[in-house]
There are 2 protein chains.
Amino acid sequence: MIDIRQMRYFVALAETLHFGRAAERLNLSQPPLSRQIAALERELGVRLVERHSRQASLAAAGKRFLQDSRAVLASFDEACRNAKLADEGELGELAIGFMMHAAYGALPGIARRYMAAYPGVRLSLREVIPSLLPQLIMTGQFDAGITFHGGGNPALESRSIHRERLCLVVPPGHRLADRETVQAADLEGEALIATHADVAPILRNVVVDFCRAAGFEPLVQLEAQLQQTIVRLVAEGLGIALVPETMRKIGFADVVFRDLEDAPVVEHVIAWRRGNLNPALKPFLRTAGIFVEE
Amino acid sequence: MIDIRQMRYFVALAETLHFGRAAERLNLSQPPLSRQIAALERELGVRLVERHSRQASLAAAGKRFLQDSRAVLASFDEACRNAKLADEGELGELAIGFMMHAAYGALPGIARRYMAAYPGVRLSLREVIPSLLPQLIMTGQFDAGITFHGGGNPALESRSIHRERLCLVVPPGHRLADRETVQAADLEGEALIATHADVAPILRNVVVDFCRAAGFEPLVQLEAQLQQTIVRLVAEGLGIALVPETMRKIGFADVVFRDLEDAPVVEHVIAWRRGNLNPALKPFLRTAGIFVEE
DNA sequence: CGATCATGATGCCGAAAAGGTATGGATCGC
DNA sequence: GCGATCCATACCTTTTCGGCATCATGATCG
């Protein structure tokens, strides 16, 4: 069977047109080279080299084979290098899922730095609903995800990368709209608009717990998936809400944001499946400031 | 050293994810396959396959290496096939030189048929002055050429592919313009415009010999390289000329073409260097209806 | 024109590598 | 816990490869 070594021998020969010198370049003595070239020609069924007494020359088939061989050898060597690079996380694909809030938090910086440091990795970023993330990471659709503090799945490892306070959002003219700061107790009796528990349970629970700690059960009559929707509904006068401070940056009209005393805090975490074998994951975590040793 | 065989083994393994079945597909027993894969991984310095008790799976580096290996193997096999094809004249390059007259003769048909039959050969066609062709064929710049009957070079082989009569071209109103046919003797005393002997000696000689056979020496006062130029000068009234009949097809204004009795004939030949090793040459000659056995 | 040199091919031997058979060790399912 | 499955390892045989010595051939030079 023809062999990559014979190709290398042939290229050396074609470039020197001299069996002795080619053999020398290959750290080989001349007879094995002669034999390998002869074997190559026999196996191809084609004469590649014309032997003259003074020097060799390439037949037409040899010229063609030289071209092709150079290309094959280059891609062969590159394949070997690429395997190493892929193993080191320098080459490959990395799928990251993130909840919308992350786009206002740590995600952009991490993604920018990672892409600059690992240009060989095709980074795929996809926004998903927070509650879906753990499952998608477990099934391998994402190598990692940015969501609110992990879903308690033991196979998922997670590290905090960002902390965010909640703030109050009310329509203009609301009785709390002019207060410098608001306490939990001030919310009693107000109609709250909150995230649906199926979408972002953490966020929902933080709000509920905040109220309970002040001694009352919150009145949630209206639920929405997206924080933007919640703010919009507040603007329409359908209630008030506690939302992450990132909402403040977006610049909504017809609402007023107010700080909360001892405001509840939600954490953004990067979560990944323990035992994920994608070599590109660890460098990504490092870029996010997370150093796992194991 | 890593080897194309190990790549084939790896691809088989990656496609079955089972050492036993992969070995079977390779007509091999399982232990050598295990060893070769292990050797491959050791030489690459990378783990490609994760061995689990029930089945194997590919590591990230393995996935990448599988992709790359498929591409390498395909180009490797193609290189081997191409060598054979190049040797058979199905693949390569063929440089043909031709004089302008050939473009009105056999060349278009031959080129068309050849390109259709040998799409893998890059056919390069270049017009050159007839007198230069033999030299350019000898030095290898052309594999073959179409010119007037060969320059007498013993290393050049040539075969006729086309015969062409000369005809008379005169300005309208010339004393010979109305004659049904013209004889050589009628040309005596006329100012002839002829090809320069350095450009197309054969053509020039045919004209001169035609006159000498009729017993007079032609009066050549004006010489031009191209037949088109000659016809144009005839139209301008500067003389008359004998030109190949192809000129008739072009449709010049202000000239009249007349048949000659016992018209001189020039031959178009394909010429090539005996011993030209381009495998694409013989099929080209066959396409031109020339069968060399040697 | 013959001796010499250069170059590639061939014969032979030892070393390295590859494949085959038998077997071991780990894991999974019953 | 036992058999079955699957890959790794050990050991042997066969094949292949490379090195050395030598040969054949054609070019070069005195």
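To find a chain, count down the sequence lines: A is the first, B the second, and so on, and within it residues start at 1. Note that the structure is a prediction, hence the values are computed from the model and not measured.
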Whole-Å gap separating C1' (D:dC17) and CG (A:Leu33): 13 Å
base_contact_polar (D:dG26 base, A:Arg51 side chain, donor-acceptor, <3.5 Å): no
Every protein N/O lying under 3.5 Å from an N/O of nucleotides 27-30 of chain D:
none

Contact list for DNA chain C against residues 1-10 of chain B - heavy-atom distance below 4.0 Å: B:Arg5, B:Tyr9
Toward the 5' end of DNA chain D, by each residue's nearest nucleotide, B:Gln55 or A:Pro32: B:Gln55
Modelled atom types, side-chain donor and acceptor of B:Ser34 and B:Gln30, under 3.5 Å: yes
Side chain to side chain contact (heavy atoms under 4.5 Å, CB included) partners of B:Ser124, counting only residues at least two apart: B:Ala95
Presence of salt bridge, B:Asp3 and B:Arg8, under 4.0 angstrom: no
Distance in angstrom units between B:Arg35 CZ and D:dT14 C1', rounded: 13 Å
With B:Tyr118 via ring pair (Phe, Tyr, Trp, His ring centres under 6.0 Å) - residues at least two apart: B:Tyr114
Carboxylate-amine/guanidinium proximity below 4.0 Å for B:Arg21 and B:Glu15: no
Pairs meeting criterion ring-ring contact (aromatic ring centres under 6.0 Å, His included) with involvement of residues 127-146 of chain A, two or more places apart: none
Partner set under side chain to side chain donor-acceptor pair (under 3.5 Å) for A:His268, not counting sequence neighbours: A:Glu164
Positional range of nucleotides in DNA chain C within the contact set of chain A, heavy-atom, under 4.0 Å: C:dA6 to C:dC12
Salt bridge (Lys or Arg N to Asp or Glu O under 4.0 Å) contacts touching residues 127-144 of chain B (sequence neighbours left out): none
NZ/NE/NH1/NH2 to OD/OE distance under 4.0 Å, B:Glu41 and B:Arg51: yes
Within residues 41-72 of chain A or reaching into it, pairs that qualify as ring-ring contact (aromatic ring centres under 6.0 Å, His included) - sequence neighbours excluded: A:Phe10-A:Phe65
Test item: B:Arg5 side-chain N/O and A:Ile4 main-chain N/O as donor-acceptor pair under 3.5 Å: no
Those residues of residues 36-46 of chain B lying under 4.0 Å from DNA chain C by at least one heavy atom: B:Gln36
Partners passing side chain to side chain donor-acceptor pair (under 3.5 Å) against A:Ser69 (at least two apart in sequence or in another chain): none
Stretch residues 18-31 of chain A: residues that reach within less than 4.0 Å of DNA chain C through a heavy atom: A:His18, A:Phe19, A:Gly20, A:Gln30, A:Pro31
Donor-acceptor contact below 3.5 Å, side chain A:Asp198 vs main chain A:Ser131: no
B:Arg64/B:Asp68 ion pair, N-O < 4.0 Å: yes
A:Glu43 (side chain) donor-acceptor with A:Met1 (main chain) under 3.5 angstrom: yes
